[in-house]
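Remarks on the structure that follows.
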Amino acid sequence: MIKVNRPLTSVLVKPAGPDCNLNCTYCFYLKKADLFSESVRHRMSDEVQEEMIRQVMQQSGDSVSFAWQGGEPTIMGLGFYKRAIELEKKYGHGQSVGNGLQTNGTLLTPEWAEFLKEYDWLVGVSLDGPEFIHNHYRRDKTGQGTHRKVEDNIRMLLENQVAVNVLATLNDYSVQFPDEIYNYFKSLGLTWMQFIPIVETDPMDPSKAASFSVSAQQYGEFLCRTFDLWLADFQQGKPTTQIRHFDSVFYPYVGLPAPECTMMKQCGVYVVVEHNGNVYSCDYFVEPKWKLGHIMEQRIINMLNSKKQQVFGAAKAALPGECRRCPWLTKCYGGCTKDRIKDPNDNRKPRFCKSYQMFFAHADPTLKMLADQWKKEQHDKQERERTGGTYNALNDFLK
């Protein structure tokens with residue numbers, strides 16, 4: 001009997017596996033097709049979809065979220081997600097349910113926008129920046145740039161009042177343009193931004209990082225400059241844009257655990273369900289070593305709390321002495337485990353250690369000041385609550 005210590009609060013689903021209509025240079029997931037060589041076309045069956053949703057709805061608590069990713073999840077067609085809504089209703093027990101779609105944005109239509117708005121889905125669109133930046137690596141299978149289509153569809157979503165955030169990868173090229181990227185996103189009305197540093201092993205020379213990987217120095221400089229841009233846009237002491245990394249690192253400054261697994265002491269807080277029902281520890285570790293089981297054979301709550309998942313999560317804390325002595329350890333905990341594995345130069349020391357040191361040395365005084373401000377506001381609000389006022393949590397400050 002598996003002891004359940006970790007609640008099921010979210011699941012990441014890859015209904016089309018590694019299949020995608022684009023061929024981005026730095027994409028690591030296209031190669032996962034080798035794991036599923038039994039077929040060329042990868043699609044989640046109705047049976048797997050229903051069993052996965054049934055389990056998630058019945059084994060979760062008061063709230064749960066589905067993150068639909070890829071590959072490219074929209075190639076499943078809109079009918080797949082309409083069915084998902086019906087199954088969530090069928091198997092739910094009155095809990096709050098969130099759905100998020102991470103997409104390259106090229107296949108969206110007005111019909112998609114209507115659906116996403118009606119059911120209040122959060123849509124993350126992959127966009128690396130202005131055209132000259134985005135098209136550098138994000139191209140379709142014919143080698144054509146995809147920027148124009150993505151931008152047009154983002155405008156369509158926003159016009160239909162769909163909740164949209166932007167996910168931008170930081171590679172060796174894009175990382176050079178923090179001002180251009182930040183200001184471009186703002187000009188589109190994208191005020192919630194996430195930046196993912198890219199690091200992959202060079203397939204031709206495993207002793208090196210791939211040429212498109214971002215260096216620690218570059219990432220650190222980008223974080224510092226973007227922090228200054230973010231801070232300059234404050235109005236009345238509050239941010240007008242949200243950047244996921246800054247939101248996440250702010251939590252420890254007010255004595256709360258970071259909500260992003262990258263900044264947690266341990267990871268393994270969610271599982272990934274692939275198109276064929278295989279369940280894995282993390283979408284960066286969809287590989288035989290970290291396969292937890294199959295959705296048609298085991299309970300997802302048990303796989304989340306399995307010994308293998310505990311081992312996976314604890315591996316994040318295996319840091320060298322230099323990291324354990326670092327004054328910023330409790331703010332970053334070494335970052336994402338995959339960045340250590342992908343960096344062939346040192347498989348134990350976090351690749352972006354220097355980046356975080358640069359960032360915290362730069363941002364720490366401001367973050368402390370903002371934390372003191374937030375704590376004072378919460379104290380004042382709690383006092384007002386005792387006399388009939390209302391209390392707003394940390395997310396209200398960040399928003």
Side-chain angles (χ1 to χ4, degrees), residues 2-20 26-39 42 44 48 51-52 55-56 59-60 65-71 73 102 196-201 203 206 209-210 260-319 333-344 346-352:
I2 294 177
K3 185 177 181 181
V4 176
N5 294 316
R6 181 165 282 165
L8 178 62
T9 59
S10 64
V11 62
L12 193 156
V13 190
K14 292 184 175 286
D19 292 359
C20 187
Y26 50 67
C27 182
F28 75 98
Y29 214 78
L30 292 174
K31 303 179 184 68
K32 298 299 180 181
D34 295 340
L35 290 176
F36 314 111
S37 57
E38 65 275 4
S39 63
H42 308 98
M44 180 173 283
V48 169
E51 178 61 15
M52 183 264 297
Q55 287 203 34
V56 171
Q59 296 169 30
S60 60
S65 63
F66 293 84
W68 305 91
Q69 296 193 13
Q102 182 60 46
I196 302 293
I198 292 290
V199 53
E200 294 290 331
T201 303
E260 183 185 355
C261 56
T262 299
M263 299 293 155
M264 292 178 180
K265 187 174 184 179
Q266 292 192 356
C267 53
V269 295
Y270 70 94
V271 295
V272 177
V273 182
E274 253 291 348
H275 73 285
N276 63 351
N278 285 352
V279 179
Y280 297 90
S281 294
C282 169
D283 62 323
Y284 288 115
F285 290 88
V286 173
E287 54 193 55
K289 179 179 180 181
W290 297 112
K291 179 184 173 183
L292 303 175
H294 195 279
I295 197 68
M296 304 300 287
E297 300 169 358
Q298 289 122 312
R299 300 178 77 234
I300 195 168
I301 189 72
N302 289 347
M303 288 185 275
L304 176 64
N305 285 276
S306 65
K307 180 64 176 179
K308 181 180 284 191
Q309 185 71 342
Q310 292 170 14
V311 170
F312 172 80
K316 189 177 190 296
L319 294 166
Y333 289 110
C336 183
T337 307
K338 65 97 176 170
D339 294 330
R340 297 176 227 170
I341 305 301
K342 297 288 186 179
D343 185 351
D346 190 334
N347 285 341
R348 294 194 69 236
K349 183 178 178 180
R351 177 179 175 88
F352 297 119

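Residues Trp290 and Lys308 have side chains in contact (heavy-atom distance under 4.5 Å, counting atoms from C-beta outward). Side-chain atoms of Val273 and Ile300, non-hydrogen and from C-beta on, do get closer than 4.5 Å to each other. With contacts defined as side-chain heavy-atom distances shorter than 4.5 Å, the pair Ile301/Gln55 does not qualify. Side-chain contact check for Val286 versus Tyr29: some heavy-atom pair is nearer than 4.5 Å.
Under 3.5 Å, the side chains of Asp283 and Tyr270 contain a donor-acceptor pair of N or O atoms.
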Trace of the side-chain contact (heavy atoms from CB on, under 4.5 Å) decision for Asn276 with Val48: CA-CA 7 Å; Asn276 63 351; Val48 169; over 6 Å; no

Phe312 vs Leu292, side-chain contact (heavy atoms from CB on, under 4.5 Å): CA-CA, chis, key distance, verdict: CA-CA 11 Å; Phe312 172 80; Leu292 303 175; over 6 Å; no

Residues Glu200, Tyr26; criterion side-chain contact (heavy atoms from CB on, under 4.5 Å); working and verdict: CA-CA 8 Å; Glu200 294 290 331; Tyr26 50 67; 5.8 Å; no

Leu304/Gln59 under side-chain contact (heavy atoms from CB on, under 4.5 Å): CA gap, chis, key distance, verdict: CA-CA 11 Å; Leu304 176 64; Gln59 296 169 30; over 6 Å; no

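Once rounded to the nearest 0.5 Å, the distance linking CD of Glu51 with CE of Met44 reads 11.5 Å. To the nearest 0.5 Å, atoms CG (Asp339) and OH (Tyr284) are separated by 7.5 Å.
Each of Lys32, His275, Lys14, His42 was scored for a side chain to side chain donor-acceptor pair (under 3.5 Å) with Asp19, with one residue passing: His42. In summary, of the residues considered (Gln69, Gln102, Glu274), a side chain to side chain contact (heavy atoms under 4.5 Å, CB included) with Leu12 occurs for Gln69 alone.
Scanning both residues, Tyr333 and Lys316, for their nearest heavy atoms gives O-NZ, 3.0 Å. Cys267 and Thr337 get closest at one heavy-atom pair: SG-OG1, 4.1 Å.
Under the rule for a side chain to side chain contact (heavy atoms under 4.5 Å, CB included), the partners of Thr262 that lie at least two apart in sequence or sit in another chain are Glu260, Cys336, Tyr356.
No donor-acceptor distance shorter than 3.5 angstrom exists from the side chain of Gln310 to the backbone of Gly268, with no hydrogens or angles considered. Looking only at distances, a side-chain donor or acceptor of Gln298 sits under 3.5 Å from a matching main-chain atom of His294.
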